[in-house]
Peer 1: 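Sending over a structure as structure tokens; questions will come in a sec.
Letters go in sequence order (proteins before strands), and every chain restarts at 1.
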Amino acid sequence: MTTWSVEYRPCRGRARSFSMTDPLPSADATPYGEGLHKLEAQRRSNRDTVRALGLEPYGVRVDGIASCAAARSLFDDAANTEFNARGKEPGFADRRPVVTVAGRVMLLRDNGKLIWMTIRDETGDIQIAASQRDCDATSFALAKATDLSDITIASGRVMKTKTGEITVWANSLRPGGKALSPPPEKHAGLQDVETRYRQRYVDLWANPETLAVFRLRSGIVSRVRRFMESRAYLEVETPMLQTLAGGAAARPFVTHMNALDIKLFLRIAPELYLKRLLVGGLPKVFEINRNFRNEGLDKQHNPEFTMLEAYHAFGNVETVMELTESLIRDAAEFVLGAAGGAGEIVLPFGDLSINYSRPFARATFASLFERAWGFPMTDAPRARESLKRVHPKLAPQVDAMDPWLVVNELFEQKGESLVDPATPTFITDYPAAVSPLTRAKPDNPALADRADLFIAGMEIAPHYTELNDPEVQETRFREQLKGLDAEKHAEEQTYRTMDHDFVRALKVGMPPAGGMGLGIDRLVMLLTNQRTIRDVVLFPLMRPEE
RNA sequence: GAGGGCGUAGCUCAGCCUGGUAGAGCAGCGGCCUUUUAAGCCGUAGGUCCAGGGUUCGAAUCCCUGCGCCCUCACCA
């Protein structure tokens with residue numbers, strides 16, 4: 001006789017094996033064996049009780065369900081008063097509204113012949129009463145077999161208890177979905193940060209603040225889209241799988257396509273495709289979608305993140321600065337409106353109160369540099385000396401560095417921090433040497449026509465007057481490639497490649513343009529007062545559990 | 001990458017400093033209860049103290065290593 005050894009893993013506890021010669025686990029004994037947690041076993045048994053009542057514990061289609069909020073608003077004080085006064089008179093016509101609600105059982109109080117539940121849906125909570133007198137027998141038995149965190153459906157009259165709680169006084173209950181997992185603690189909720197991210201499906205219903213943040217996120221993104229449309233930008237979708245990963249300086253994720261046997265990259269930016277569309281004659285385009293960068297994780301970086309990029313033909317950096325400022329103010333106004341506020345658009349972010357209503361501040365790179373370091377950025381010797389002092393690790397290389405790179409290092413050390421975090425601020429006029437893909441300022445070729453928006457110390461959105469001279473572009477690409485130290489950047493060379501097609505596109509002729517990129521996750525962090533990007537991404541990347 | 005913190009029942013947390021048989025609340029189970037709402041009362045059960053190693057007569061506790069998460073800094077851009 002052949003003996004198969006089958007490994008199988010109960011949801012908890014050790015894996016064990018059994019062979020075909022062993023008796024099969026019986027179906028009505030717990031099919032997951034002794035590894036099954038008692039709490040789950042108990043819930044399975046309650047589920048079987050529901051089946052024995054002739055009901056489907058996982059629910060069936062139900063039409064005409066009212067939200068908890070809608071059911072509450074149906075409450076009719078006059079009808080309720082009338083019922084309380086005359087409900088026992090023969091022939092009395094009950095005018096209290098009838099409703100069906102569905103939700104997850106958050107609280108359960110079994111008084112014997114009267115069972116109270118508080119259920120929750122995305123609109124809020126409502127209390128349900130299931131009394132032995134007023135429910136049909138099956139429904140009452142179902143109520144008895146209901147566990148915390150089950151999904152239940154109740155139909156009945158909307159009334160108010162003598163303690164003033166709006167309640168659906170049920171005459172019928174139906175199962176809406178069995179929960180075999182026990183719920184988090186009912187007062188403290190789900191606290192563990194890791195579990196909240198890994199099991200967002202629990203976090204979302206157990207912690208209403210979580211749901212509120214993601215509803216706001218959805219509203220913000222929708223509002224941003226409508227704003228762009230109102231400005232006559234066309235929404236487009238460009239490749240996320242690219243044969244070259246261009247448009248930004250970041251390490252891409254690499255994958256392989258079997259059918260063509262080629263290497264593919266997840267995009268690090270949509271930029272080069274959106275510009276091709278300008279060449280194609282689309283004057284104003286935008287895309288809101290995911291970019292992927294194969295770099296570290298921290299409070300402001302998730303490997304996949306959502307960016308808005310927009311390009312405006314015949315515009316320049318000022319065009320898109322105005323766009324961003326109006327767009328952010330509009331989104332902030334939306335959030336404030338959702339919070340019931342009015343007047344000046346001020347939203348909290350941690351300890352800061354960020355004012356979005358005034359014109360955003362501006363500061364030039366050069367002025368911040370000088371304020372930070374006490375000498376002008378054109379003073380290369382002093383810059384080198386300062387960098388050696390503050391960054392001893394870099395000291396040996398400093399003399400060989402491009403003077404503008406030295407300036408840039410110093411600026412990032414101290415310059416950015418001079419910007420008031422509570423005032424949205426554009427830093428303008430970056431050195432051209434540190435902005436290779438940007439056009440130079442018409443009146444000063446040493447400076448780039450670029451502005452970066454900073455809010456709360458975070459870089460939110462860069463703005464550029466785009467490069468559209470194919471020869472300049474090609475030279476810049478070549479310089480970028482040449483700059484790679486072959487040994488140190490061996491890996492980088494596998495994905496940094498000249499984008500010949502993009503140069504070819506520019507040769508067809510691209511109108512002058514302003515372009516911007518706005519980090520949507522960071523914007524949502526600001527507007528919803530969340531300190532980490534993981535609290536505004538539904539399913540942030542986590543290391544696998546096993 | 002460096003430093004710090006955390007990991008104990010399904011959940012929320014004590015206990016660790018100062019080593020001596022594992023604790024509470026909620027949830028669960030049995031019982032009572034038809035206006036409760038963190039329901040209440042009586043009873044009861046529940047543990048790989050993240051994993052591995054070490055010290056010790058004895059380790060949740062002290063030491064080392066590893067894993068996971070969080071924080072700060074650095075790197076990257």
Peer 1: Applying side chain to side chain donor-acceptor pair (under 3.5 Å), name anything that partners A/T81, two or more places apart in sequence or on another chain.
Peer 2: none
Peer 1: Should A/K186 be listed as having a side-chain N or O under 4.0 Å from OP1 or OP2 of B/A38?
Peer 2: no
Peer 1: Could you note down all residue pairs passing salt bridge (Lys or Arg N to Asp or Glu O under 4.0 Å) where residues 103-118 of chain A supplies at least one of them, sequence neighbours left out?
Peer 2: A/D110-A/K144
Peer 1: Any salt bridge (Lys or Arg N to Asp or Glu O under 4.0 Å) pairs touching residues 399-416 of chain A, not counting sequence neighbours?
Peer 2: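 Residue pairs with at least one partner in residues 399-416 of chain A: A/K388-A/D399.
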Peer 1: Please give me every residue in residues 134-149 of chain A whose heavy atoms get under 4.0 Å of an atom in RNA chain B, ordered by residue number.
Peer 2: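 Output list: A/L148.
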Peer 1: Want to settle it: does A/K162 or A/G189 sit nearer the 5' end of RNA chain B, counting the closest nucleotide to each?
Peer 2: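 Comparing both residues, the 5'-ward one is A/G189.
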Peer 1: Rounded to whole Å, how long is the line connecting atom CH2 of A/W169 with atom P of B/U34?
Peer 2: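 In whole Å, B/U34 P lies 12 Å from A/W169 CH2.
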Peer 1: For residues 66-76 of chain A, which residue pairs pass the side-chain hydrogen bond (donor to acceptor under 3.5 Å, both in side chains) check, not counting sequence neighbours?
Peer 2: none
Peer 1: Can we say A/E295 and A/R251 salt-bridge, meaning some charged N sits less than 4.0 Å from an Asp/Glu carboxylate O?
Peer 2: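 Salt bridge: no.
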Peer 1: A/F365: what forms a ring-ring contact (aromatic ring centres under 6.0 Å, His included) with it, not counting sequence neighbours?
Peer 2: A/F411, A/Y430
Peer 1: Return the polar atom pairs (N/O with N/O) between nucleotides 65-69 of chain B and the protein under 3.5 Å, or none.
Peer 2:
residue, atom, partner, partner atom, Å
B/G68, OP1, A/R543, NE, 2.8
B/G68, OP1, A/R543, NH1, 3.2
B/G68, O2', A/E194, OE1, 3.3
B/G68, O2', A/E194, OE2, 2.9
B/C69, OP1, A/R543, N, 3.4
B/C69, O4', A/E194, OE1, 2.9

Peer 1: Expressed as a whole number of angstroms, how long is the span from A/D192:CG to B/A9:P?
Peer 2: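 That distance rounds to 11 Å.
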Peer 1: Looking at residues at least two apart in the chain, or sitting in another chain, which of them share a side chain to side chain donor-acceptor pair (under 3.5 Å) with A/T465?
Peer 2: A/D449
Peer 1: Please list, in numerical order, the residues of residues 100-116 of chain A that have a heavy atom closer than 4.0 Å to any atom of RNA chain B.
Peer 2: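 Correct list: A/L107, A/R109, A/D110, A/N111, A/G112, A/K113, A/L114, A/W116.
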Peer 1: Would the distance check show the side chain of A/E185 and the main-chain N or O of A/A188 forming a donor-acceptor pair, the cut-off being under 3.5 Å?
Peer 2: yes
Peer 1: Does A/Q42 make a side-chain N or O approach to OP1 or OP2 of B/C29 shorter than 4.0 Å?
Peer 2: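 For B/C29, OP1/OP2 do have a side-chain N/O of A/Q42 under 4.0 Å.
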Peer 1: Please produce a list of atom pairs where a protein N or O lies less than 3.5 Å from an N or O of nucleotides 71-75 of chain B.
Peer 2:
residue, atom, partner, partner atom, Å
B/U72, OP1, A/K299, NZ, 3.0
B/C75, OP1, A/H391, NE2, 3.1

Peer 1: When the P atoms of B/C16 and B/A22 are considered, how many whole Å apart are they?
Peer 2: 15 Å
Peer 1: Rounded to the Å, how far apart are A/Q199 CD and B/G10 C1'?
Peer 2: 11 Å
Peer 1: When the distance from CD of A/E459 to C1' of B/C76 is rounded to whole Å, what number comes out?
Peer 2: 14 Å
Peer 1: Go through B/A77, B/U35, B/G10 for me and flag the one nearest to the A/M159 side chain.
Peer 2: B/U35
Peer 1: Looking only at heavy atoms, which two atoms of A/I533 and A/Q300 are closest? And how far apart?
Peer 2: CD1-O, 3.7 Å
Peer 1: When we call it a touch if two heavy atoms are under 4.0 Å apart, what does A/R43 touch: a base, just sugar-phosphate, or nothing?
Peer 2: nothing
Peer 1: To the side chain of A/L39, which of B/C26, B/A27, B/C13 is closest?
Peer 2: B/A27
Peer 1: How long is the line joining CG of A/N84 and C1' of B/U35, in whole Å?
Peer 2: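 Rounded to the whole Å, the gap is 11 Å.
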Peer 1: Could I get the full list of side chain to side chain donor-acceptor pair (under 3.5 Å) partners for A/N408, not counting sequence neighbours?
Peer 2: none
Peer 1: Go through the structure and list residues passing side chain to side chain donor-acceptor pair (under 3.5 Å) with A/R47, not counting sequence neighbours.
Peer 2: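 Result, side chain to side chain donor-acceptor pair (under 3.5 Å) vs A/R47: A/Y58.
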Peer 1: Between the side-chain atoms of A/E165 and the base atoms of B/U35, is any donor-acceptor pair under 3.5 Å?
Peer 2: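 No such pair is found, so the answer is no.
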